[in-house]
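Just so you know, these numbers use all the heavy atoms, side chains as well, and skip hydrogens, waters and symmetry mates. So that the names make sense, note that chain A is the first sequence line, chain B the second, and so on, each numbered from 1.
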There are 2 protein chains.
Amino acid sequence: MAKNVTLKDVARHAEVSYQTVSKVIRGQMQVTPEVRARIDAAIDALGYRPNSAAQSLRLQASHLLGYSWQQDRQNQISPILQQFQHSMVECAEDLGYHILLFPQRPNKDLYSTYAALVETRRVDGFILSSIEYDDPRLPIIDRLKVPAVCFGRSSEDMSLPYVDIDGRAGIAEAVRHLIAEGHQRIAILAWPETSRVGTERLNGYWDAMAGANLPVDAAWVIRGAGESDYGYVAASQLLALPHDRRPTAIVTLLDIIAVGVMRAIADQGLQVGRDVAVTGFDDMPAVHYIKPGVTTLRQPVWEVGQLVIDMLVGLLKGEPLAHQHVLLPPELIVRESSQREALAQPNQ
Amino acid sequence: MAKNVTLKDVARHAEVSYQTVSKVIRGQMQVTPEVRARIDAAIDALGYRPNSAAQSLRLQASHLLGYSWQQDRQNQISPILQQFQHSMVECAEDLGYHILLFPQRPNKDLYSTYAALVETRRVDGFILSSIEYDDPRLPIIDRLKVPAVCFGRSSEDMSLPYVDIDGRAGIAEAVRHLIAEGHQRIAILAWPETSRVGTERLNGYWDAMAGANLPVDAAWVIRGAGESDYGYVAASQLLALPHDRRPTAIVTLLDIIAVGVMRAIADQGLQVGRDVAVTGFDDMPAVHYIKPGVTTLRQPVWEVGQLVIDMLVGLLKGEPLAHQHVLLPPELIVRESSQREALAQPNQ
DNA sequence: TTGTATGCGTTATCAT
DNA sequence: ATGATAACGCATACAA
């Protein structure tokens with residue numbers, strides 16, 4: 001490691017006082033072009049960089065943002081959160097901030113985890129993702145009075161600023177697309193009531209069905225958890241309904257679940273798209289190789305990450321937020337799985 | 001945000017000098033139990049936590065470790081790297097460190113990215129993952145003379161400390177397993193020669209085949225890139241060989257590729273496991289739902305993360321490394337795809 | 001055992 | 001326009 005080059009070294013080299021250098025560097029002072037050039041040359045020659053610890057101490061700001069993510073049962077991070085992390089990191093750097101990762105131990109006191117980071121002044125604020133009902137982190141953030149912005153919301157009137165995907169609007173659009181394709185008996189594989197995201201999306205289904213004055217058979221709304229297996233089992237159940245009640249389209253809340261549904265349809269000797277339409281959610285790269293292609297809803301995650309950081313940094317600078325809560329609509333991507341006219345695909 | 005509680009506040013409350021508090025806190029001083037109790041009470045009452053910026057400035061150490069990851073073409077992080085990140089974060093916290101994320105912009109000067117972090121003293125060291133041949137980061141780290149430990153290696157005799165998975169040993173074990181299952185004509189879908197990891201794993205294949213004195217038909221060793229599609233195409237090619245040259249087992253370097261291979265086998269009217277054995281790599285959760293189950297090699301990623309951090313922190317403390325280079329063997333997980341006796345599975 | 005003095009590198013307030 | 005002085009909070013060599 002090279003020796004520290006300090007402000008004083010630069011000042012000595014440029015033959016000015018170090019306070020002058022400090023001010024000139026950040027444009028708080030006008031000097032003669034000649035002096036300015038001497039200082040720039042000195043900085044360049046010595047390779048000076050301000051010491052971030054000293055800056056943090058002086059400015060009472062670490063320029064670090066704490067982020068802790070959640071894995072699902074399979075120890076996996078959703079592609080959504082991966083991209084979210086990436087976009088945050090880039091946007092933060094553009095604003096002079098960095099992301100600090102910290103663990104979320106299952107058996108450790110959550111409060112002390114956050115408190116330690118705040119009280120040691122290690123981070124200036126937090127980003128929270130995967131917010132659910134009664135999220136234990138929310139009261140903690142509130143109690144610590146630390147700036148924070150969430151990706152996701154626990155309810156409409158959350159006190160914390162958040163950016164979220166409008167899953168309700170997304171599913172509604174998917175259902176309207178299916179209706180436009182001529183479907184009337186549309187089923188949905190929802191999530192348990194404890195899932196905020198799932199409930200939100202299910203509402204989109206009700207919206208669209210009601211908007212088109214289509215009746216909903218109680219059997220068409222299934223709640224469950226799991227991945228491909230959930231889709232397979234639930235779809236098999238739907239396809240076993242009497243013909244006049246059997247849905248011709250099945251909406252799912254996740255691409256992987258849609259894959260299970262498609263397998264169930266094929267196993268019944270039916271053809272996905274032509275006989276039964278299917279839609280997913282997330283546009284997961286992992287299912288891109290599935291044939292037929294899965295109609296899905298792509299979340300604008302990149303924008304979410306940028307917005308979350310923008311908002312948090314704004315908060316830290318004391319700027320009032322333009323929007324306390326932002327809802328971004330997902331984009332419907334139509335592929336073969338929801339089209340009757342799609343070309344037949346040889347392999348499943 | 002609550003007001004700062006400093007050492008002096010604690011000292012005033014405990015009626016001692018603040019230097020005494022400082023020393024007592026970190027056990028550098030013996031005091032009467034009575035004084036000790038007063039100090040503890042004060043810390044507790046005021047909720048004192050040492051200011052990390054002040055500590056960093058004083059100790060010339062940020063206790064931050066820089067980590068930047070790489071995404072694949074599909075903007076995805078491999079499950080391996082996800083788990084790696086997680087294990088690092090937990091282990092780092094146990095040692096009083098945190099992970100700082102920084103972006104790897106494709107078109108930005110790589111050197112300045114690292115230099116900025118080092119010269120501002122923002123991080124004490126780096127963790128590098130996804131090392132390949134001629135990795136541009138290696139000379140940078142070398143030039144900056146900053147402590148760093150890698151997950152992965154570009155060559156055997158790398159100057160930087162590293163922890164890596166012994167892919168060669170892993171593939172060799174998989175091949176020996178296939179041989180034990182009675183296979184003799186074993187093919188492998190390798191990666192391009194530019195892939196260090198791929199070359200390494202391919203060597204394991206040669207090791208095992210040579211070790212069993214089995215001849216290798218040149219047509220059995222295919223090099224290519226891609227995911228499921230690569231597996232499908234390459235396997236179709238292998239299965240089109242004359243019967244006496246057609247492999248009865250196909251080794252792949254990735255579970256997803258194995259899935260493509262299995263589809264090709266099924267499309268030929270053959271049965272995976274009984275007619276042609278298949279093995280993958282990584283034990284990816286995403287393919288857990290595939291039937292028949294994919295025999296694969298699970299990487300001990302958690303251990304890698306722990307080791308990498310242990311080594312880097314040791315380096316920062318000036319401790320000599322017990323092992324400069326560590327190679328961890330993957331674990332063979334045998335499932336139906338490589339067993340002739342496996343129960344027949346109804347759905348693909 | 002306890003307290004004093006100094007510096008880590010920066011920013012900011014005041015003089016000049 | 002420039003420079004002396006203080007302060008941010010902590011750790012430590014040294015003196016008492």
Side-chain angles (χ1 to χ4, degrees), chain A residues 1-39 42-43 46-64 96 116 118-124 317, chain B residues 1-39 42-43 46-64 96 116 118-124 317:
Chain A
M1 287 261 245
K3 202 200 139 287
N4 264 1
V5 178
T6 76
L7 223 36
K8 293 185 181 174
D9 296 326
V10 175
R12 204 173 310 126
H13 192 105
E15 296 176 306
V16 290
S17 84
Y18 71 93
Q19 298 86 342
T20 302
V21 178
S22 172
K23 287 184 194 163
V24 167
I25 280 178
R26 109 186 68 70
Q28 299 208 350
M29 191 182 192
Q30 296 293 341
V31 290
T32 64
E34 193 261 340
V35 171
R36 169 89 225 185
R38 278 217 313 272
I39 291 177
I43 289 175
L46 302 176
Y48 168 76
R49 304 263 199 175
N51 179 302
S52 68
Q55 274 183 329
S56 296
L57 181 59
R58 184 62 242 238
L59 300 175
Q60 303 283 43
S62 67
H63 283 216
L64 249 32
V118 172
E119 289 166 359
T120 59
R121 292 289 190 272
R122 245 230 188 290
V123 302
D124 295 342
K317 289 184 177 162
Chain B
M1 288 257 247
K3 201 201 140 292
N4 263 1
V5 178
T6 78
L7 222 36
K8 292 184 181 172
D9 297 327
V10 175
R12 202 173 313 124
H13 192 106
E15 297 177 304
V16 290
S17 82
Y18 74 94
Q19 296 86 344
T20 302
V21 177
S22 171
K23 287 182 194 166
V24 167
I25 280 177
R26 135 179 42 74
Q28 299 207 352
M29 191 184 193
Q30 296 293 340
V31 290
T32 63
E34 192 263 340
V35 171
R36 169 90 225 186
R38 277 217 314 272
I39 292 178
I43 289 175
L46 302 176
Y48 168 76
R49 304 262 199 175
N51 179 302
S52 68
Q55 271 183 329
S56 296
L57 181 58
R58 182 64 238 246
L59 300 174
Q60 302 282 45
S62 67
H63 282 218
L64 248 32
V118 172
E119 289 166 359
T120 59
R121 293 285 191 275
R122 248 232 186 284
V123 303
D124 294 341
K317 288 184 178 164

side-chain hydrogen bond (donor to acceptor under 3.5 Å, both in side chains) with R58(B): which residues, sequence neighbours excluded?
->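 For R58(B) there are no side-chain hydrogen bond (donor to acceptor under 3.5 Å, both in side chains) partners, ignoring immediate neighbours.
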Can you check whether [X] has a side-chain N or O nearer than 4.0 Å to OP1 or OP2 of [N]?
X	N	answer
T6(B)	dG9(D)	no
N4(A)	dC8(C)	no
S17(A)	dT2(D)	no
Q60(B)	dG9(C)	yes

Whole-Å gap separating [atom2] ([N]) and [atom1] ([X]):
X	N	atom1	atom2	answer
I43(B)	dC10(D)	CD1	C1'	14 Å
R38(B)	dT1(C)	CZ	P	16 Å
E15(B)	dT1(C)	CD	P	21 Å
E34(B)	dT2(C)	CD	C1'	14 Å
Q55(B)	dG9(C)	CD	C1'	17 Å
L57(B)	dT10(C)	CG	P	9 Å
L46(B)	dG9(D)	CG	P	14 Å

Write out all pairs satisfying side-chain hydrogen bond (donor to acceptor under 3.5 Å, both in side chains) with one or both partners inside residues 13-22 of chain B, taking only residues at least two apart or from two chains.
-> S17(B)-Q19(B), S17(B)-T20(B), S22(B)-R26(B)
If you check every side-chain atom of L7(A), which of dC8(C), dT10(C), dT2(D) has the closest atom?
->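 Nearest nucleotide to the side chain: dT10(C).
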Nucleotide nearest V35(B) when distance is taken to its side chain, options dT10(C), dT2(C), dG3(D) |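 My answer, after comparing the listed nucleotides, is dT2(C).
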Answer with base, sugar-phosphate or nothing: what part of the nucleic acid does R36(B) contact at a heavy-atom distance below 4.0 Å?
->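 Touches nothing.
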State which residues pass side-chain contact (heavy atoms from CB on, under 4.5 Å) with A14(B); sequence neighbours excluded, sorted by chain then number.
-> V16(B), R38(B), I39(B), A42(B)
Taking only residues two or more places apart in sequence or in another chain, which ones pass side-chain contact (heavy atoms from CB on, under 4.5 Å) with Y48(B)?
->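 Applying side-chain contact (heavy atoms from CB on, under 4.5 Å) to Y48(B) gives V5(B), L7(B), V10(B), I25(B), I43(B), P50(B).
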Would you give the length of the straight line joining atom OG of S56(A) to atom CZ of R122(B), rounded to the nearest 0.5 angstrom?
->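 The distance works out to 5.5 Å.
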Just do the side chain to side chain contact (heavy atoms under 4.5 Å, CB included) check on T6(A) and D9(A) with the steps written out, would you?
-> CA-CA 5 Å; T6(A) 76; D9(A) 296 326; 3.5 Å; yes
Protein-nucleotides 12-16 of chain D N/O pairs under 3.5 Å:
{"unit_1": "dA13(D)", "atom_1": "N6", "unit_2": "K23(B)", "atom_2": "NZ", "d": "3.4"}

Derivation and outcome, side chain to side chain contact (heavy atoms under 4.5 Å, CB included), residues Q60(B) and N4(A) | CA-CA 10 Å; Q60(B) 302 282 45; N4(A) 264 1; 3.7 Å; yes
